2 protein chains.
Amino acid sequence: MPEVNRDYFAKTLEKGIRILNLFDANHPSWSLTEISARMELNLTSVYRLVNTFVELGYLMKEPKSKRLHLGPMAVALGNQLLHGFDTVRLIEPLVDEIHCRYNISIEVSLFHSNCLVQIYKRETSNTLTYRLEAVSELLYCTSSGKSVLAFLPAEKLKHLAEAQSFARRSEKTITNIDAFYEDLEQVRQRGYALNNEEYIKGLIAIAAPILGRGTSYPLGCLSFNSTTPDHTLDEFEDKYAVVLCELARKLSEVIPDV
Amino acid sequence: MPEVNRDYFAKTLEKGIRILNLFDANHPSWSLTEISARMELNLTSVYRLVNTFVELGYLMKEPKSKRLHLGPMAVALGNQLLHGFDTVRLIEPLVDEIHCRYNISIEVSLFHSNCLVQIYKRETSNTLTYRLEAVSELLYCTSSGKSVLAFLPAEKLKHLAEAQSFARRSEKTITNIDAFYEDLEQVRQRGYALNNEEYIKGLIAIAAPILGRGTSYPLGCLSFNSTTPDHTLDEFEDKYAVVLCELARKLSEVIPDV
DNA sequence: AAACCACTTACTATAATAGTAAACAGATTT
DNA sequence: AAATCTGTTTACTATTATAGTAAGTGGTTT
């Protein structure tokens, strides 16, 4: 990351945005104290920031419990941000077509400052119990992360792989770096990565990298997700690997190379 | 709107959010000076706020022109906000089913502090030249606005109707309040509203209110949009009015009454 | 090469925020 | 019904961040 001008940085704005980021499908409501604890921020400061969002309609406060939820303005902003990003508008019809045709959960992420940033997703009505975070640094235990790492230049890969915690998330998590490098080698040969319940028990996925047209550098990735009640990983791979790679290739054509 | 505590209000946060709100599909890029002029804010202050967003990855700066665009973090936040709002997750499958089946542009909005706030939309690949704003106070020249106004209690309707500008947006805009009240009477009888190119030439729509289950108060609305090259308004109405009303009714069942 | 334009930086008066502590409200227990 | 507890809201000020002016910088056009 380039050294930047920390004098011209609005701290209040950063804190506010961090608070807004706490709210997602897994954590739809927060109390003041919870936010204060999580942000390691003074209660009064949180109160001021939260109150600002409430007045603007981005958060709503339950009258009795005082718990906070997202408000309509936040959702409108969400829509606006989503469709204001050119890349999303380009990939949307391509992803939707596959989503409608096969009725599978699909996620598209960009690789941005060593994180995978989710820019588009479609879910099946079959709601999963837990959703991945919109911005994730966990690259060792997701098919998305592995698909990107596998196609990174050796130097960069080494640097990032060594930064992974390899913490055990489930029975099947890969917890040592040598096994991990072996797995990545298979990803390279296959052209796509698998997630065999390595992140959360019951959650399986296949993911292919989105490679820059000119550079072949991984710009992001595409993943199809399912659960073990619906498919075994083998079935899922047999059924969708070709579709996955084909769609990833199509996405490469519309995502601008950086 | 209830009187609120203006002492506990973070102005910097408000300004930052207002800047983020400038970016949408119609205005995907802004220069510093443009933002400064539009926000009526000092250039240096805008620089600080924008720089904050750039460092956090919410905005990106074109290296040469210095023009600003949304960044991946903004899109991830967008997705997160969208799916972190319970109501969106409830209406999503219902709307998507109709969108997939008929391939039409659909918008769902909530009526919140006298504005229509767009909380979900699906577009056809046939991209329209201009998209409605995510938060709109224009109720007199959109089918969405009319569908909601028509079902408001008389007092509230009067108040809001008189606040409309009735400015001419196109040849067919309704520009006086008496004609408008007549139109609303038809909306009531029909159960849904029409937009016959009243907002922008070439843009047509039909919209039905989403009424509270208990209260029958309009909580928001559902609209189907098209363009004159694709359909005449009569055709569009004949083809989709029944589907529209049916979907609006289904949405009423899942949107919580306030 | 000069002029222009927009962005960036330096600097300080002013205004906003952080943090402490106390008051308050609602829920639960005695 | 009073007492206690938990979490939210308000009052108050020292400290810190921001607004605004003005000067500097770096491309682009003439």
Side-chain angles (χ1 to χ4, degrees), chain A residues 1-23 27-71 74 258, chain B residues 1-23 27-71 74 258:
Chain A
M1 200 166 325
E3 196 45 60
V4 280
N5 193 341
R6 277 272 152 184
D7 285 347
Y8 287 87
F9 189 88
K11 303 184 186 182
T12 308
L13 178 54
E14 182 191 27
K15 286 171 205 151
I17 294 290
R18 276 182 59 213
I19 290 183
L20 209 52
N21 263 300
L22 295 176
F23 292 81
H27 312 93
S29 94
W30 292 78
S31 75
L32 260 198
T33 352
E34 284 167 0
I35 296 176
S36 170
R38 173 64 178 272
M39 301 265 304
E40 299 183 30
L41 219 93
N42 180 283
L43 199 65
T44 306
S45 301
V46 173
Y47 181 78
R48 175 182 281 107
L49 295 166
V50 161
N51 194 52
T52 306
F53 279 131
V54 170
E55 289 196 27
L56 297 174
Y58 290 85
L59 293 178
M60 292 185 307
K61 202 183 282 186
E62 284 181 33
K64 288 180 72 173
S65 72
K66 306 296 176 79
R67 288 190 73 82
L68 298 151
H69 294 255
L70 290 175
V258 259
Chain B
M1 202 169 318
E3 196 45 61
V4 281
N5 194 340
R6 276 272 153 187
D7 286 346
Y8 287 87
F9 189 89
K11 302 185 186 182
T12 308
L13 178 55
E14 181 191 27
K15 286 171 206 151
I17 294 289
R18 276 182 59 213
I19 289 183
L20 209 53
N21 263 299
L22 295 176
F23 292 81
H27 312 94
S29 94
W30 291 78
S31 75
L32 260 198
T33 351
E34 284 166 0
I35 296 176
S36 169
R38 173 62 179 271
M39 302 266 303
E40 300 183 28
L41 220 92
N42 180 285
L43 198 64
T44 305
S45 302
V46 173
Y47 181 77
R48 173 181 284 107
L49 295 166
V50 160
N51 194 53
T52 306
F53 279 131
V54 170
E55 288 195 30
L56 297 175
Y58 290 85
L59 293 178
M60 293 186 307
K61 201 183 282 187
E62 285 180 34
K64 288 180 72 173
S65 72
K66 307 293 177 83
R67 288 190 73 83
L68 299 151
H69 294 255
L70 289 176
V258 260

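All values reported here derive from a predicted model rather than from experimental measurement. Just so we're on the same page: letters track the sequence lines, and every chain starts at 1.
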Has the side chain of B:Thr52 got a donor or acceptor atom that lies under 3.5 Å from a matching backbone atom of B:Arg48? yes
Take B:Arg67 and A:Lys64, find for each the nucleotide of DNA chain C with the closest heavy atom, and name the residue whose nucleotide sits nearer the 5' end. B:Arg67
From the list C:dA27, D:dT28, C:dT8, which nucleotide is the closest neighbour of the side chain of B:Tyr47? C:dT8
Quick one: B:Trp30 CH2 to C:dC7 P, roughly how many Å, whole number? 13 Å
Side chains of A:Glu14 and B:Leu56 in contact at under 4.5 Å (non-hydrogen atoms): yes
So, does A:Trp30 use its side chain to make a donor-acceptor pair with the main chain of A:His69 at under 3.5 Å? no
Listing time: all N or O pairs from protein to nucleotides 13-22 of chain D that are below 3.5 Å?
from   : atom 1 : to      : atom 2 : distance (Å)
D:dA17 : OP1    : A:Lys11 : NZ     : 2.6
D:dT18 : OP1    : A:Lys11 : N      : 3.4
D:dT18 : OP2    : A:Phe9  : O      : 3.4
D:dA19 : OP1    : B:Lys15 : NZ     : 2.7
D:dA19 : OP2    : B:Ser45 : OG     : 3.2
D:dA19 : O5'    : B:Ser45 : OG     : 3.4
D:dT21 : O4     : B:Thr44 : OG1    : 2.9

Please answer whether the main-chain N or O of A:Tyr8 pairs with a side-chain N or O of B:Asn51 as donor and acceptor at a distance below 3.5 Å. yes
Let me know the distance between CD of B:Glu62 and P of D:dT28, rounded to the nearest Å. 12 Å
Considering only heavy atoms from C-beta outward, does the side chain of A:Leu32 approach that of A:Tyr47 to under 4.5 Å? yes
Between B:Ser65 and A:Lys66, just flag the one whose closest nucleotide in DNA chain D comes earlier from the 5' side. A:Lys66
Has A:Lys61 got a side-chain N or O lying under 4.0 Å from the OP1 or OP2 atom of D:dT9? yes
From CG of A:Asn51 across to P of C:dA18 the rounded distance in Å is 13 Å
Counting heavy atoms not belonging to A:Arg67, are there more than 12 under 6.0 Å from its CZ? yes
